[in-house]
Number of protein chains: 2
Amino acid sequence: MSLPRTMRRMSERRASDDSRNTLPAARSPRERRVSSQIQREVTQLILDRRLRAGAPLPTEAELMESLGVSRNSVREALKALQALDIVEIRHGYGTYVGQASLTPFVDGLTFRTLARQADDTDDTGALAEILQVREVLEEGLMRRVAGELSDGELARLEAVVDRMEEAGLAGRPFPELDREFHELLYAPLGNALVPQLLGAFWTVFRRVSGVRGWTDDPAPAVTVRRHRDIVVALRAHDVEGAQQAMADHFRGIEARAAQESRGVG
Amino acid sequence: MSLPRTMRRMSERRASDDSRNTLPAARSPRERRVSSQIQREVTQLILDRRLRAGAPLPTEAELMESLGVSRNSVREALKALQALDIVEIRHGYGTYVGQASLTPFVDGLTFRTLARQADDTDDTGALAEILQVREVLEEGLMRRVAGELSDGELARLEAVVDRMEEAGLAGRPFPELDREFHELLYAPLGNALVPQLLGAFWTVFRRVSGVRGWTDDPAPAVTVRRHRDIVVALRAHDVEGAQQAMADHFRGIEARAAQESRGVG
DNA sequence: TCACATTTGTCCGTATGTATG
DNA sequence: TCATACATACGGACAAATGTG
């Protein structure tokens, strides 16, 4: 295989393997840690070659060879990139370009929230901050999308609410439907980052709630009603009304979060 | 040192070192990869002990000992956690609890944007998406904060704009002042996540712009004016006007991004 | 300034688990 | 079932960075 020019630099500064223990390695002052350098090299390799998610990357042995570094350094670099979802490692199969999803953002935000909940004076501070950001975002998104929704999209939204009601009456929780509703609502924007960001906040909220053993929505009927109010307002082209319904929806979530954190938790 | 209960599990399932090459390791079916398990253990250790950012963590040798795993596995796990800014590793000194900042979010978003810019049909698609999210967020934040700003805070905002004007007239770019303005603007909310999120978007935008070799704001005078318009509107308690000024500000950024991506870039 | 101990960084060699064909 | 290719994990050794006496 032939690697691009950027992949050759590190091997050049290590001409003979025999000199490893005799010379001071002669490392360029710019590149401090081998592992960090490998991270940059692999990332650059993906960008230079315009590799898409799922495309195969060089094996560990090939990276060792072309970069002139040990397996350990390669593995540590790949582990770090895996944590960022920049690469995906499949045991016994190979290494591939990752999805570059917001998974690391979710992981980091979850850790943050759990770590700072019992900390100092803040109680539900971290979680409330996430909720506020999500609310502000959705409020603004709603204003943008209110006039753009077609009848077909409104019908699909209503169908989701119907399924919510059905699930609620059957006593089944419907977190996925809630998520689907908000995702569908902002689809007309054509912004792929929006549903991912909202999904990230949603996942963090659920994970933190799960750790604390909260129940799944104590009042599903109310939740269904909030969503239906949104659709009704949107059908009537009532931007303010839709925004108000969304605000009411969030007020319910906040109340629940505040209540449960003080309660049995 | 004494480690909490959660740190003991892995060593228990490896009673004798001699059996390493004779028995099939007898690993619990739940926990597939040793490295991933160590990540969870260390994260849980931080949460259980309520360690704050900067607090010292067990050394690699101590983790090997208490978890009954090899140094390589410990290092790979710590490298992954370092990428998420959950731990911080200092060469020759020790390992510490990280800041849990949005650095991994910035890294991931930057990679995403660079990887998808020359991809397929989308040109400035990814960057435009980030700008739109930031605009929607700031629009909503502005509405919330408009009535809450004190005279002192408005004066500080105006002082930042004055420094912008000064820098602009001197021909110096003022990206940091721009950032400071937006940070100061939403300070009354008391939401620590807000400035970090906006800062993340801001950093991604600058990094991507830097890679493409864009210039620093071709029309600084206009940028200064936009910011002053915001302060003036806020002073007059004109929420709509402030929002409009903010929208104009973003329209300028978008135009610049679209223009430069088609130009010499 | 100079050792010195401690801790992380990198390397090597080997054995094992896992997926594909 | 078998063989191959690959990632996973182990142990030991030395290099490099940092803090301390």
Side-chain angles (χ1 to χ4, degrees), chain A residues 1 10-11 13-29 31-39 41-42 56-65 67-83 87-96 98, chain B residues 1 10-11 13-29 31-39 41-42 56-83 87-98:
Chain A
M1 63 167 291
M10 298 188 72
S11 53
R13 62 167 175 73
R14 194 177 288 275
S16 68
D17 286 34
D18 306 314
S19 67
R20 194 174 63 84
N21 293 334
T22 57
L23 289 179
R27 187 171 299 160
S28 161
E31 14 189 288
R32 301 281 153 140
R33 309 266 177 279
V34 174
S35 183
S36 311
Q37 181 62 14
I38 298 175
Q39 287 185 45
E41 298 280 356
V42 173
L57 288 173
T59 66
E60 293 179 355
E62 287 172 334
L63 287 173
M64 291 170 57
E65 167 74 19
L67 298 176
V69 295
S70 74
R71 160 154 281 144
N72 250 328
S73 302
V74 169
R75 286 186 56 76
E76 287 176 9
L78 290 180
K79 277 286 178 183
L81 292 180
Q82 185 187 36
V87 310
E88 179 188 351
I89 306 175
R90 301 185 210 165
H91 187 179
Y93 196 49
T95 308
Y96 300 82
Chain B
M1 65 167 293
M10 298 187 74
S11 54
R13 62 170 173 72
R14 193 175 290 275
S16 67
D17 286 35
D18 305 316
S19 67
R20 193 175 62 86
N21 294 335
T22 58
L23 288 180
R27 185 169 300 158
S28 161
E31 12 189 291
R32 301 281 155 156
R33 309 267 177 279
V34 173
S35 183
S36 311
Q37 181 62 16
I38 299 174
Q39 288 184 44
E41 298 280 355
V42 173
L57 287 173
T59 66
E60 294 178 356
E62 287 171 335
L63 287 173
M64 290 170 57
E65 167 75 19
S66 60
L67 298 176
V69 295
S70 72
R71 176 135 180 257
N72 271 340
S73 301
V74 169
R75 286 186 55 77
E76 286 175 12
L78 291 180
K79 273 287 178 182
L81 292 181
Q82 184 187 36
V87 311
E88 180 188 349
I89 307 175
R90 298 184 213 168
H91 187 180
Y93 196 50
T95 308
Y96 300 82
V97 178

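Convention: sequence-line order gives letters A, B, ...; per-chain numbering from 1. What you see below is based on every heavy atom in this structure, not just the backbone, and it leaves out hydrogens, waters and symmetry mates.
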> Could you give the CE-to-P distance, from B/M64 to D/dA13, as a whole number of Å?
Replying inline: 13 Å
> Between the side-chain atoms of B/N72 and the base atoms of D/dG11, is any donor-acceptor pair under 3.5 Å?
Replying inline: yes
>> Output the rounded distance in Å from OH (A/Y93) to C1' (C/dT20).
In response: 7 Å
> If you pin A/S36 and A/G92 to their nearest nucleotides in DNA chain C, which one's is more 5'?
Replying inline: A/S36
> Can you tell me how far P of C/dT18 sits from CZ of B/R33, to the nearest Å?
Replying inline: 7 Å
> Is there a donor on the side chain of B/H91 or the base of C/dT8 sitting less than 3.5 Å from an acceptor on the other?
Replying inline: yes
>> Checking contacts here: which listed nucleotide (D/dA16, C/dC11, D/dA7) is nearest the side-chain heavy atoms of A/I89?
In response: D/dA7
> What do the steps show when you test B/I38 against B/L78 for side-chain contact (heavy atoms from CB on, under 4.5 Å), and what is the final call?
Replying inline: CA-CA 8 Å; B/I38 299 174; B/L78 291 180; over 6 Å; no
> Under 4.0 Å between a side-chain N or O of B/S73 and OP1 or OP2 of D/dT8?
Replying inline: no
> Using a cut-off of 4.0 Å on non-hydrogen atoms, how would the nucleic acid contact of B/R75 be classed: base, sugar-phosphate, or nothing?
Replying inline: base
> From B/E88 CD over to B/L57 CG, what is the distance, rounded to the nearest 0.5 angstrom?
Replying inline: 10.5 Å
>> Working to the nearest 0.5 angstrom, can you tell me the gap between A/K79 NZ and A/I89 CD1?
In response: 5.5 Å
>> Output the rounded distance in Å from CD (A/E62) to P (D/dA5).
In response: 12 Å
> Quick one: is B/S35 getting a side-chain N or O under 4.0 Å of the D/dT8 phosphate, OP1 or OP2?
Replying inline: no
> How close or far is atom C1' of C/dC11 from atom CD of A/Q37, stated in whole angstroms?
Replying inline: 18 Å
> How close or far is atom C1' of C/dT8 from atom CD of A/E76, stated in whole angstroms?
Replying inline: 10 Å
>> Nearest 0.5 Å, please: how far is CZ in B/R33 from CD in B/Q37?
In response: 12.5 Å
>> Check whether B/E62 reaches the backbone of B/T59 with its side chain - one donor and one acceptor, N or O, closer than 3.5 Å.
In response: yes
> Between C/dG17 atom C1' and A/R90 atom CZ, what is the distance in whole Å?
Replying inline: 18 Å
>> Please pick, from D/dA13, C/dA19, C/dC11, the nucleotide with the shortest atom-to-atom distance to any side-chain atom of B/R71.
In response: D/dA13
> How close or far is atom P of D/dA17 from atom CD of B/E88, stated in whole angstroms?
Replying inline: 18 Å
